[in-house]
Amino acid sequence: MKKLFGTFGVRRIANKQLTPEFASKLSAAFGSLIGGKVAVGGDTRTSTPMIKHAVIAGLLSSGCDVVDLGILPTPTVQYAVRKYYDAGVIITASHNPPEYNGIKFVDEHGIGVKEEIEEKIEKIFFEEKVERVPWENIGSTTRNRRIIREYIDEVIKRVDADIIREANFTVVVDCGSGAASYTTPYLLRELGCEVLSLNCQPDGFFPGRNPEPTPENLKDLMNTVKASGADLGIAHDGDADRTICIDEKGEFIFGDKTFALVEKKMLKENKGGLIVTTVATTSAIYDIARENNGKVITTPVGDLIVARTLKEKKGLFGGEENGGLIFPDFVYGRDGALSAAKILEIMAEEGKPISKLVAELPKYYSEKMKIGCPDELKPKVMATIQEKVEKDPKIDRIDTTDGVKIFKEDGWVIIRPSGTEPIFRCFAEAKSQEKATQMAKWGISIVKKSINEIS
């Protein structure tokens, strides 16, 4: 069982558990395995320069050559690695609060490394078997500061830029002071949008809002879209791999809705195809696939699992319900910038406001809740939860692909431990908001009881 790695990479509080010594040793373990030319980039967190320098030192000590990409979005690093380099390291804690940071290792395809590689890294790390090369074989460093410009150009090539420009959209962009500050506002201006910006100054303290793009954190964006009469609001998380939209009325659009919109477009354009998503994604994905000659494969939660499945199965499109969409012909990972551009393309082609486009999707309602749980208790709590639901006669069936997904006559709820935070997450979906909320609360109550029994 892994001791360091979570759903994707290692995340800890910076300079507490995630120290320069830790980062250097962990990256040296990675370098000992892969060798070659490794790209390194990170988000805007205050600890990123410290961690990045330590990571580079560890890689150099194991004989790797390093290309420093600077501060930039996670999908930009993944794009660069896939096109030019042998591997990559991304310094980011994505949506976590500012005191956190993390280290993500990606392979030559720009996909998070496989679990067996993570286990080998941990073995080298804990057994002190890092390979330090002689002084004459220490790696060299170079920089690539052109990759952001190239990435933006490649995003524009993947949409109908002319039709977006003709629409003359007004878009409010909230980058959360994260890495999207270097990409999305510039991308949208080049697509002919009038851009109003919120929190688009890079700042690792995240003074405007917390990095996670939730309804609670996006009140300013929602109010600004409504007050300004903008066509759309766009928000990203800290490393810009997720996109959340706000409609022209100032209403929050959950990520599964934008997933469904883009899925519909991709299937129609390609006359069908394979869609890959997680067990926590809306049933609307299946409805749209059936209507458009598509097929859906589900995986455990985690964008790297979805990305790897897309590659292995030659999938058309995939992603998660949190606003993380994956376009495998471009980046094997969630891509916030291309997601934003695709949404604008759909609005321009359809000639409809996004609220109407969402209203035309199959109708489901969702509720998301979470509850704290120490990491060390998660396995026992999860086992207790599964035991409880298996004995419940009111449950139609369960799916244990990731956590436990409980199906009832009028909806479903999934209970699973987070791979990045000391919490359990509970997602519910039903044909009414009242029922979805009720089911999510019921799921949380099961977690509470299980924690109390274990503690």
Side-chain angles (χ1 to χ4, degrees), residues 2 4-5 8-12 14 18-43 45 47-93 101-148 150-151 239 304 307-308 331-333:
K2 294 182 294 183
L4 299 177
F5 287 88
F8 187 177
V10 176
R11 297 189 202 185
R12 299 288 189 275
L18 185 51
T19 61
E21 294 85 356
F22 176 95
S24 178
K25 184 179 174 184
L26 192 70
S27 60
F30 178 59
S32 299
L33 279 177
I34 53 96
K37 185 171 283 191
V38 183
V40 179
D43 66 20
R45 292 167 188 272
S47 58
T48 292
M50 176 187 75
I51 301 300
K52 187 179 75 169
H53 286 302
V55 164
I56 290 173
L59 291 169
L60 295 174
S61 75
S62 64
C64 295
D65 293 325
V66 175
V67 181
D68 183 354
L69 302 181
I71 303 300
L72 71 175
T74 286
T76 313
V77 180
Q78 292 175 287
Y79 164 80
V81 171
R82 180 175 178 178
K83 191 161 185 183
Y84 298 114
Y85 307 117
D86 300 308
V89 185
I90 308 166
I91 316 304
T92 180
N101 214 326
I103 299 173
K104 295 181 177 181
F105 297 118
V106 298
D107 66 16
E108 70 273 19
H109 305 292
I111 308 177
V113 296
K114 293 181 178 179
E115 189 167 357
E116 52 261 38
I117 299 297
E118 293 176 336
E119 290 171 352
K120 287 179 180 178
I121 293 170
E122 289 196 4
K123 182 176 174 65
I124 293 170
F125 180 92
F126 287 113
E127 294 182 2
E128 305 282 351
K129 291 183 177 178
V130 170
E131 292 184 15
R132 307 286 187 184
V133 299
W135 68 268
E136 66 270 22
N137 294 330
I138 291 171
S140 62
T141 57
T142 55
R143 292 185 177 187
N144 182 348
R145 293 295 186 263
R146 300 183 303 277
I147 201 68
I148 289 179
E150 181 179 330
Y151 169 77
D239 66 336
L304 72 86
R308 197 163 291 284
V331 171
Y332 283 123

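One is the number of the first residue; the rest follow in order along the sequence.
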Could I get the full list of side chain to side chain donor-acceptor pair (under 3.5 Å) partners for K52, not counting sequence neighbours? D68
How far apart are the closest heavy atoms of V77 and G41, and which atoms are they? CG2-CA, 4.1 Å
Applying ring-ring contact (aromatic ring centres under 6.0 Å, His included), which residue pairs with at least one partner in residues 122-147 are found, sequence neighbours left out? F22-F125
Rounded to the nearest 0.5 Å, how far does CD1 of I91 lie from OG of S27? 8.0 Å
Check salt bridge (Lys or Arg N to Asp or Glu O under 4.0 Å) between E128 and all other residues, then give those that pass, not counting sequence neighbours. K25
Could you pull out the closest heavy-atom pair between V331 and P75, with the gap in Å? CG2-O, 3.8 Å
Interatomic distance, CG@D43 vs OG1@T48, rounded to 0.5 Å, equals 4.0 Å
Identify each donor-acceptor pair in which a side-chain atom of residues 137-144 lies under 3.5 Å from a protein atom, sequence neighbours left out, and give them as a table.
| from | atom 1 | to | atom 2 | distance (Å) |
| --- | --- | --- | --- | --- |
| S140 | OG | D65 | OD1 | 3.2 |
| N144 | OD1 | R146 | N | 3.0 |
| N144 | OD1 | I147 | N | 3.3 |
| N144 | ND2 | Y85 | OH | 3.1 |

For G70 and L72 the tightest heavy-atom approach is O-CD2, 3.2 Å
Taking side chain to side chain contact (heavy atoms under 4.5 Å, CB included) as the definition, give me every residue that meets it alongside E127, ordered by chain and number, with sequence neighbours left out. K123, K129
Partner set under side chain to side chain contact (heavy atoms under 4.5 Å, CB included) for S61, not counting sequence neighbours: A28, R132
Sequence neighbours excluded - ring-ring contact (aromatic ring centres under 6.0 Å, His included) pairs with any residue from residues 102-121: F30-F105
Do V10 and L18 make a side-chain contact, defined as non-hydrogen atoms from C-beta onward lying under 4.5 Å apart? no
Taking all non-hydrogen atoms of both residues, which atom of V81 and which atom of G110 are closest, and how far apart? CG1-N, 4.1 Å
Taking only residues two or more places apart in sequence or in another chain, which ones pass side chain to side chain contact (heavy atoms under 4.5 Å, CB included) with D86? K37
Can you run down the side chain to side chain donor-acceptor pair (under 3.5 Å) pairs that involve residues 113-122, sequence neighbours left out, and say none if there aren't any? K2-E118
Can you tell me how far CD1 of I34 sits from CD of E108, rounded to the nearest 0.5 angstrom? 9.5 Å
Mind checking what makes side chain to side chain donor-acceptor pair (under 3.5 Å) contact with R12, not counting sequence neighbours? none
So, the side chain of S24 versus the backbone of A57: is there a donor-acceptor pair under 3.5 Å, distance only? no
What's the shortest heavy-atom distance between A80 and L69, and which atoms? CB-CD1, 3.9 Å
Among pairs that include at least one residue of residues 74-84, which meet side chain to side chain donor-acceptor pair (under 3.5 Å), considering only residues two or more places apart or in two chains? T74-D239, Y79-K83, Y79-E150, K83-E150, Y84-E150
Quick one: pull up CE in M50 and CG in N101 and give me the separation to the nearest 0.5 Å. 8.0 Å
Minimum heavy-atom distance A54-P20, with the two atoms named: CB-O, 3.4 Å
Residue pairs involving residues 48-69 (criterion ring-ring contact (aromatic ring centres under 6.0 Å, His included); sequence neighbours excluded): none
